[in-house]
Q: 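Take this structure, written in structure tokens, and hold onto it; I'll ask about it next.
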Amino acid sequence: MGGYKHLVIFRFKAGAEVEEIMKGLEKLVSETDLVKSFEWGRDLDNPEILTQEFTHAISMTFDKKQDYDAFQNLPSHIDFSLTFSTAVQKIVVLCFPSVQVKPAVA
């Protein structure tokens with residue numbers, strides 16, 4: 001078992017303050033021990049037929065679902081979610097217990 005994953009793929013609305021929003025998310029994640037790992041990025045190489053217009057991805061790992069639930073209920077997360085949701089045009093969210101097949105090499 002590799003923990004509990006929160007995966008979000010999305011597209012920002014035109015004119016969204018992407019850097020500011022993502023720095024806000026980085027700050028939020030850095031202020032809690034509930035999130036064990038956090039990554040984000042922008043797709044650079046795939047044709048639109050594969051991305052279906054999604055441009056960004058966020059991945060967070062938690063030890064267990066209860067930690068994810070606690071993170072979702074943090075006042076700082078609730079505040080950030082309001083900002084984030086108004087800047088997003090299209091979104092898919094998946095949460096799942098992950099099966100780690102090959103751990104990251106340090």
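Worth knowing before you read on, the calculation uses all heavy atoms, side chains too, and leaves out hydrogens, waters and symmetry mates.
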Q: Using side chain to side chain contact (heavy atoms under 4.5 Å, CB included) as the criterion, list what pairs up with Glu53, not counting sequence neighbours.
A: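 Checked Glu53 against side chain to side chain contact (heavy atoms under 4.5 Å, CB included); matches are Arg11, Glu48, Lys90.
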
Q: Is there a path of hydrophobic side-chain contacts, each under 4.5 Å between heavy atoms, that joins Leu25 and Val93?
A: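 Yes, Leu25 connects to Val93 through the hydrophobic network.
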
Q: State which residues pass side chain to side chain donor-acceptor pair (under 3.5 Å) with Asn46; sequence neighbours excluded, sorted by chain then number.
A: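 Checked Asn46 against side chain to side chain donor-acceptor pair (under 3.5 Å); matches are Asp43.
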
Q: What residue pairs, at least two apart or across chains, pass ring pair (Phe, Tyr, Trp, His ring centres under 6.0 Å) with a residue in residues 81-106?
A: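 The answer is Phe10-Phe84, Phe80-Phe84.
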
Q: What I'd like to find out is whether the side chain of His77 reaches to under 4.5 Å of the side chain of Asn73, using heavy atoms alone.
A: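 His77 vs Asn73: side chains apart.
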
Q: Tell me, which pairs form a salt bridge (charged side-chain N to carboxylate O under 4.0 Å, His left out) where one or both residues lie in residues 23-35, sequence neighbours left out?
A: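 Every salt bridge (charged side-chain N to carboxylate O under 4.0 Å, His left out) pair that includes a residue of residues 23-35, provided the two are not neighbours, is Lys27-Glu31.
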
Q: Which residues pass the side chain to side chain contact (heavy atoms under 4.5 Å, CB included) test with Ser76, sequence neighbours left out?
A: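 Ser76 satisfies side chain to side chain contact (heavy atoms under 4.5 Å, CB included) with Leu28, Leu74 once adjacent residues are dropped.
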
Q: Could you work out the complete set of other residues in the hydrophobic cluster of Ile49, with links drawn between I, L, V, M, F, W and Y side chains under 4.5 Å apart?
A: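 Same cluster as Ile49: Leu50.
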
Q: Taking the side chain as C-beta and beyond, is there a heavy-atom pair between Tyr4 and Ser98 under 4.5 Å?
A: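 Result no, sub-4.5 Å side-chain heavy-atom pair not found.
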
Q: I want to check something: taking the side chain as every heavy atom from C-beta on, are Phe12 and Gln89 in contact at a cut-off of under 4.5 Å?
A: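 Contact flag for Phe12/Gln89 side chains = no.
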
Q: Rounded to the nearest 0.5 Å, how far does CG of Leu34 lie from CD of Gln72?
A: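 If we round to the nearest 0.5 Å, Gln72:CD and Leu34:CG are 10.5 Å apart.
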
Q: Applying a strict under-4.5 Å side-chain criterion to I, L, V, M, F, W and Y, I'd like to know whether Ile21 and Val92 cluster together.
A: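 No, Ile21 does not connect to Val92 through the hydrophobic network.
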
Q: Donor-acceptor pairs under 3.5 Å, side chain of residues 57-65 to any protein atom, not counting sequence neighbours: which ones?
A:
unit_1, atom_1, unit_2, atom_2, d
Thr61, OG1, Lys5, NZ, 2.7
Thr61, OG1, Ser37, OG, 2.9
Lys64, NZ, Asp67, OD1, 3.4
Lys65, NZ, Asp69, OD1, 3.0
Lys65, NZ, Asp69, OD2, 3.0

Q: Assigning hydrophobic clusters by single linkage (Ile, Leu, Val, Met, Phe, Trp, Tyr; side-chain heavy-atom cutoff under 4.5 Å), is Val18 placed with Val88?
A: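 Yes, same cluster.
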
Q: Quick one: do Val29 and Ile91 end up in the same hydrophobic cluster if we chain Ile, Leu, Val, Met, Phe, Trp and Tyr together by side-chain heavy atoms under 4.5 Å apart?
A: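 The answer is yes; both residues are in one hydrophobic cluster.
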
Q: Given the rule that I, L, V, M, F, W and Y join up when any side-chain heavy atoms are under 4.5 Å apart, are Val8 and Phe54 in one cluster?
A: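 In one cluster with Val8: Phe54, no.
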
